[in-house]
Amino acid sequence: MTKILLPDRQATEQLGITLGKNLTASSVILLQGDLGAGKTTLVQGIGKSLGIIDSIVSPTFTLINEYTEGRIPLYHLDLYRLEPEEVTGLNLESYWEGIEVIPGIVAIEWAERMPYKPESYLIIGLTHQPNGTRQAEIHCVNSMIDDQLLHI
């Protein structure tokens, strides 16, 4: 597990940029944290590092935003409004297995609502700290990414 103090929004975005530079297609990031913890900001940083010029916003109502114009595609999902049984019907594995889509980075907000997970992934938990900063806790599960690449 890696813990990173994020003093401001720019540091959260920079963590996303670092991730985007080091992750490969079919990488899955499971994002957890309260409202306003920085999940979308982190995904915006990933998009920036991939060269995505479209505005990246949380897909709370659309569920899935696909950004395919970057170095590799970015699939941004938000499960906030769903129950686990509803998530099952989305067939999320088609994104990380590259079924019917070009393999890309899959970033899933509110991932704790997933009743199943891929074989390998990063869990990034973002939490508010008492002094107004945030902290990211990153757990690599069968992931090939080196913890040293995550330091910003």
Side-chain angles (χ1 to χ4, degrees), residues 1-2 4 6 9 11-127 134-150 152:
M1 175 179 58
T2 300
I4 301 172
L6 303 168
R9 184 185 193 291
T12 305
E13 185 177 278
Q14 184 59 49
L15 174 59
I17 290 170
T18 300
L19 287 167
K21 287 179 180 176
N22 292 291
L23 294 175
T24 59
S26 299
S27 295
V28 179
I29 304 167
L30 305 181
L31 296 161
Q32 300 176 341
D34 292 336
L35 289 170
K39 296 178 297 293
T40 300
T41 300
L42 186 117
V43 176
Q44 290 168 342
I46 292 170
K48 183 182 269 189
S49 74
L50 297 175
I52 295 169
I53 55 174
D54 287 344
S55 179
I56 294 177
V57 296
S58 182
T60 302
F61 295 100
T62 58
L63 302 180
I64 302 169
N65 286 339
E66 298 180 356
Y67 305 94
T68 57
E69 76 278 2
R71 178 174 52 84
I72 57 176
L74 173 62
Y75 303 107
H76 184 195
L77 296 82
D78 187 324
L79 307 179
Y80 179 72
R81 297 176 47 238
L82 302 177
E83 295 298 323
E85 57 274 4
E86 295 172 301
V87 174
T88 301
L90 294 177
N91 298 315
L92 299 180
E93 64 276 4
S94 65
Y95 283 95
W96 58 75
E97 292 175 2
I99 300 170
E100 298 182 17
V101 296
I102 299 167
I105 294 173
V106 181
I108 304 172
E109 295 189 33
W110 300 95
E112 58 272 19
R113 294 193 161 107
M114 293 174 64
Y116 60 93
K117 294 181 176 46
E119 191 172 304
S120 66
Y121 52 92
L122 298 177
I123 295 178
I124 302 179
L126 296 164
T127 56
R134 293 184 177 95
Q135 179 173 284
E137 287 189 12
I138 304 172
H139 301 268
C140 300
V141 178
N142 298 324
S143 178
M144 300 300 291
I145 191 164
D146 182 346
D147 284 343
Q148 297 303 314
L149 297 175
L150 298 175
I152 59 173

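No hydrogens, no waters, no symmetry mates; every other heavy atom, side chains included, goes into these values. Index from 1, following the sequence.
Put simply, OG1 on Thr18 and CD1 on Ile4 are 8.0 Å apart, with the number rounded to the nearest 0.5 Å. Of the inter-residue distances, the one linking Leu30 atom CG with Ile108 atom CD1 reads 5.5 Å to the nearest 0.5 angstrom. To the nearest 0.5 Å, the span separating CG on Leu126 from OG1 on Thr41 amounts to 9.0 Å. We find the CZ-OG1 distance between Arg134 and Thr12 to be 5.5 Å, quoted to the nearest 0.5 Å. Atom-to-atom distance recorded for Ile124:CD1 and Glu137:CD is 11.5 Å, nearest 0.5 angstrom. The CD1 atom of Ile29 sits 12.0 Å away from atom CD1 of Ile123, with the distance rounded to the nearest 0.5 Å.
Crowding of Glu69 atom CD: a count of heavy atoms from other residues, nucleotides or ligands under 6.0 Å exceeding 12. The number of heavy-atom neighbours closer than 6.0 Å to NZ of Lys48, taken from other residues, nucleotides and ligands shown, is 12 or below.
Evaluation of the side chain to side chain donor-acceptor pair (under 3.5 Å) test over residues 105-115, restricted to residues two or more places apart or in two chains, returns Thr40-Glu109, His76-Glu109. Screening residues 32-71 for ring pair (Phe, Tyr, Trp, His ring centres under 6.0 Å), with sequence neighbours left out, gives no hits.
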Next item on the list: Please assess Ile102 against Thr68 for the test side chain to side chain contact (heavy atoms under 4.5 Å, CB included), listing each intermediate value before the final yes or no.
Entry: CA-CA 8 Å; Ile102 299 167; Thr68 57; 5.6 Å; no

For this session: I would like to know whether Leu42 and Leu6 meet side chain to side chain contact (heavy atoms under 4.5 Å, CB included); could you show each step before the answer?
Result: CA-CA 11 Å; Leu42 186 117; Leu6 303 168; 5.7 Å; no

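By the side chain to side chain donor-acceptor pair (under 3.5 Å) test, Thr62 pairs with Asn65, sequence neighbours left out. With sequence neighbours left out, the side chain to side chain contact (heavy atoms under 4.5 Å, CB included) criterion links Glu83 to Glu85, Glu86. With sequence neighbours excluded, the residues satisfying salt bridge (Lys or Arg N to Asp or Glu O under 4.0 Å) with Arg9 are Glu13.
Annotation: side chain of Leu122 is not in contact with side chain of Ser27 (no heavy-atom distance under 4.5 Å). Two residues are said to be in side-chain contact when any heavy atoms from C-beta on lie closer than 4.5 Å; Ile72 and Thr24 fail this criterion.
Across every non-hydrogen atom of Asn142 and Ser120, the tightest pair is O-CB, 2.8 Å. Here the closest heavy-atom approach between residue Pro103 and residue Gly98 is recorded as CG-CA, 4.2 Å.
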Can you list, pair by pair, the side-chain donor-acceptor contacts under 3.5 Å of residues 49-58, counting residues two or more places apart and other chains?
residue	atom	partner	partner atom	Å
Ser49	OG	Ile46	O	2.8
Ser58	OG	Thr60	OG1	3.2
Ser58	OG	Asp78	OD2	2.6

Sequence neighbours left out, cut at 3.5 Å: what donor-acceptor pairs do the side chains of residues 90-97 make with other protein atoms?
residue	atom	partner	partner atom	Å
Glu93	OE1	Tyr116	OH	3.0
Ser94	OG	Asn91	O	2.9
Tyr95	OH	Glu66	OE2	2.6

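In terms of modelled atom types and a separation under 3.5 Å, the side chain of Lys39 and the main chain of Asp34 share a donor-acceptor contact.
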